[in-house]
Amino acid sequence: MNPLKAVRGTRDLMPPETALWNRIEAVARSVFGRYNFGEIRTPIFEDTALFARGVGEETDIVSKEMYTWEDRARAQSEKTQSLTLRPENTAGVVRAYIEHKLGETGQLQKLFYIGPQFRRERPQKGRYRQFSQIGAEVIGPAHAGAESALRDAEVLEMLATLLDELGIEGWTLKLNSVGSAADRPVYLAKLKAALGPVVGGMCADCQRRAETNPLRVLDCKVPEDQPIIDGLPRIGDSLDAASREHFAAVRAALDAAGVGYTLDHRLVRGLDYYTRTTFEFTHGGLGAQNALLGGGRYDGLSEAIGGPKAPGIGFAMGEDRLVLTLAAQLEAQQAARAELADVYVAPVGERQNAAALALARELRRAGLRVELGDGAFRVKKSFEAADKAARAIVLLGEDEAASGMLTVKDFATAVQTKVPRAELANSLLAARAETK
RNA sequence: GCGGCUAUAGUUCAGCGGCAGAACGCCUGACUGUGGCUCAGGAUGUCGUGGGUUCGAUCCCCACUAGCCGCCCCA
């Protein structure tokens, strides 16, 4: 029988890499906290209809990338229900906002999440079928200021801070406005009309996209098509006065805060719910998956899934890609170093094993990270193991047990001393404080 | 869903139609209570899975599976 393996597109995360994941999440929590966001945890699966209505029936995510199944009825009277592993988290957050009537509080809701999402795509570097996203949403009634351009700018400024604090070097913010729900059809009609006479001269992909999803034509990277694309109408020219003003206010606030960005009139996002501001933070070195995070405003999403009017803006960041980027910046080695134990407790002779556990318990209760050896090991072997696992070793043999003076050797300095048992924890804590 | 490349020790990888290799790591000893450096020895493995060609296949052929890269799409 073949051993079972993790299913395609999923993987195990293990030390030392998990230390890097934890560090990323700790930095994100710290930044979100300072911007006064609270954490939300929504279920990993939801009613399929939530994604069909929220994300958009015609998007690739919904039409071919979801893990969907029919939940079986447990009684004759019970109906079966179509359930889906969440492919993204914004729809779930907005569903919770509606379900718990958060709009009735009158307050702006600022929520962040960290958790796994699922899409049945072909796996490749930085893209897995179970992947983790870190995201946040600002949503609320219009009278709470949810529609304000200041909220867009604040979210973008927060993201710039987050990427800086994570230590991501060389990111780029791309910014665009796709207009209101009313602007979209107007622009689509113009775009289709303009494509009509020229699409025949474009690449096969574009000819297909012109039919299925004309906005994606703007994303085409084929060099020969670029002059044609440059001649197509720009979405920015189809915005109504209010959208135009909103976008100008976002840019003004970013300029005032000193957050750099690049206007990209071709930045259209794949999800149906986006309105007005759309953005993407990109980074080189990720191959075809160069987007670290993306997001935008979704003023109509709540209504699309049956809720009250609740404009909002949010983003989702691919945590797997952040890890890749940071690991490439040698952060992984530092994370691995942080995993070293403070001390290795080495009993000498099996008769000291019981006493060694008691000693390890004392040290661990004092807050030290402790690896416990085994008295069956020869002392040389204990030292070898300790050198790999910890910053220092404590020997507990017959001499030490009799005298109460423990032998401690610090590997960084190679200095060996005798320390009274009562002072051991404090002395090790002091040593740790020095090296960190 | 489509195309290209890849799959050999714990890891990174070499290799050849006829006994399975290196480096690092691991184990043992030099050193009976002292790591790192050195030296001497040792163990690794259904050569991804299944089929075919052949006297003989890890090697050649086919299929499958998985990974990587790209496309589609997206975070």
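Owing to the predicted nature of the structure, the values given are computational and were not obtained by experimental measurement. Within every chain, numbering begins at 1; the chains are lettered A, B, ... in the order of the sequence lines, protein sequences first and strands thereafter.
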Work out how far the C1' atom of G25(B) is from that of C64(B), and round it to whole angstrom.
33 Å

Partner lookup for G36(B), please. Criteria are Watson-Crick or G-U wobble with both distances under 3.5 angstrom; report none if nothing qualifies.
none

Taking the P atom in each of G50(B) and G42(B), what is the distance between them to the nearest angstrom?
33 Å

Between P on A75(B) and CD on Glu280(A), what's the gap in Å once rounded to a whole number?
7 Å

Between C5(B) and U38(B), how far apart are the two C1' atoms, rounded to whole Å?
43 Å

Check the distance between C72(B)'s P and Leu218(A)'s CG and give it to me in whole angstrom.
14 Å

So, does Arg127(A) use its side chain to make a donor-acceptor pair with the main chain of Gly9(A) at under 3.5 Å?
no

Write down the partner of A63(B) under the Watson-Crick or G-U wobble criteria, each distance required to be under 3.5 Å.
U49(B)

Whole-Å distance separating the CD atom of Glu121(A) from the P atom of C72(B):
13 Å

Are there any protein N/O atoms within less than 3.5 Å of an N/O atom in nucleotides 2-10 of chain B, and if so, which ones and at what distance?
{"residue": "C2(B)", "atom": "N4", "partner": "Arg122(A)", "partner atom": "NH1", "Å": "3.0"}

Where each residue is assigned the nucleotide of RNA chain B containing its nearest heavy atom, which of Gly9(A) and Glu319(A) is assigned the position nearer the 5′ end?
Gly9(A)

CG of Leu267(A) versus C1' of C74(B): gap in Å, rounded?
12 Å

Can Trp69(A) and Leu83(A) be said to form a side-chain contact (heavy atoms from CB on, under 4.5 Å), step by step?
CA-CA 6 Å; Trp69(A) 72 99; Leu83(A) 302 178; 3.8 Å; yes

Taking syn as any angle within 90 degrees of 0 and anti as the rest, which one fits C64(B)?
anti

What is the nucleic acid contact for Arg11(A), judged by heavy atoms within less than 4.0 Å: base, sugar-phosphate only, or nothing?
nothing

Just checking, is any N or O donor in the side chain of Gln130(A) or Tyr67(A) under 3.5 Å from an acceptor N or O on the other one?
no

Classify every nucleotide of nucleotides 28-37 of chain B by which part a protein heavy atom approaches to under 4.0 Å, writing B for the base, S for the sugar-phosphate alone and - for neither, in 5'-to-3' order.
-S---BBBB-

Under the salt bridge (charged side-chain N to carboxylate O under 4.0 Å, His left out) rule, what pairs show up with a residue in residues 371-382 of chain A, not counting sequence neighbours?
Lys380(A)-Glu384(A)

Do the side chains of Thr68(A) and Phe45(A) get nearer than 4.5 Å, heavy atoms only?
no

So, does Lys5(A) get its side chain near the phosphate of G67(B), meaning an N or O under 4.0 Å from OP1 or OP2?
no

P-based separation of A9(B) from U34(B) [nearest Å]
37 Å

Any strand: nucleotide that pairs with A57(B) via Watson-Crick or wobble, under 3.5 Å:
none

Rounded to the Å, how far apart are Phe51(A) CZ and C73(B) C1'?
18 Å

Complementary nucleotide for G42(B) - Watson-Crick or wobble, under 3.5 Å:
C26(B)

Could you tell me the separation between the OH atom of Tyr128(A) and the C1' atom of G67(B), rounded to a whole number of Å?
10 Å

Integer angstrom distance from the C1' of G18(B) to that of C24(B)
31 Å

Test side-chain contact (heavy atoms from CB on, under 4.5 Å) applied to Tyr113(A) and Phe32(A), step by step
CA-CA 10 Å; Tyr113(A) 59 83; Phe32(A) 292 148; over 6 Å; no

Does atom CZ (Arg11(A)) have a neighbourhood of more than 12 heavy atoms from anything else shown, all under 6.0 Å?
yes

Can you identify which nucleotide, out of C26(B), A75(B), A66(B), has its nearest atom closest to the Arg8(A) side chain?
A66(B)

For Arg34(A) and Ser30(A), test the side chains for any donor-to-acceptor distance below 3.5 angstrom and give the result as yes or no.
yes

With P as the reference atom in both, quote the distance from G33(B) to C39(B) in angstrom, rounded to an integer.
26 Å

Starting at CZ of Phe377(A) and ending at P of C26(B), how long is that distance when rounded to a whole Å?
14 Å

May I ask you to say what Phe315(A) touches in the nucleic acid, namely base, sugar-phosphate or nothing, with a heavy-atom cut-off under 4.0 Å?
nothing

Is a donor-acceptor contact shorter than 3.5 angstrom present between the side chain of Arg119(A) and the base of C73(B)?
no

Given G70(B), is OP1 or OP2 found less than 4.0 Å from the side-chain N or O atoms of Gln124(A)?
yes

For the side chain of His246(A) and the backbone of Gly179(A), is there at least one donor-acceptor N/O pair under 3.5 Å apart?
no

If only side-chain N and O atoms count, and only distance matters, is there a donor-acceptor pair under 3.5 Å linking Asn89(A) with Thr42(A)?
yes

Is it true that Arg297(A) and Thr277(A) share a donor-acceptor pair across their side chains at a distance under 3.5 Å?
no

Without decimals, in angstroms, what is the distance between Tyr274(A) OH and C74(B) P?
11 Å

Distance, P atom - from A20(B) to U46(B), rounded to whole angstrom:
14 Å

Does the structure show a Watson-Crick or G-U wobble partner for G1(B), both distances under 3.5 Å? Name it, or say none.
C71(B)

U28(B) and C68(B): how far apart are their C1' atoms, nearest whole angstrom?
39 Å

Can you tell me if CZ on Arg234(A) sees more than 12 non-hydrogen neighbours from other groups inside 6.0 Å?
no

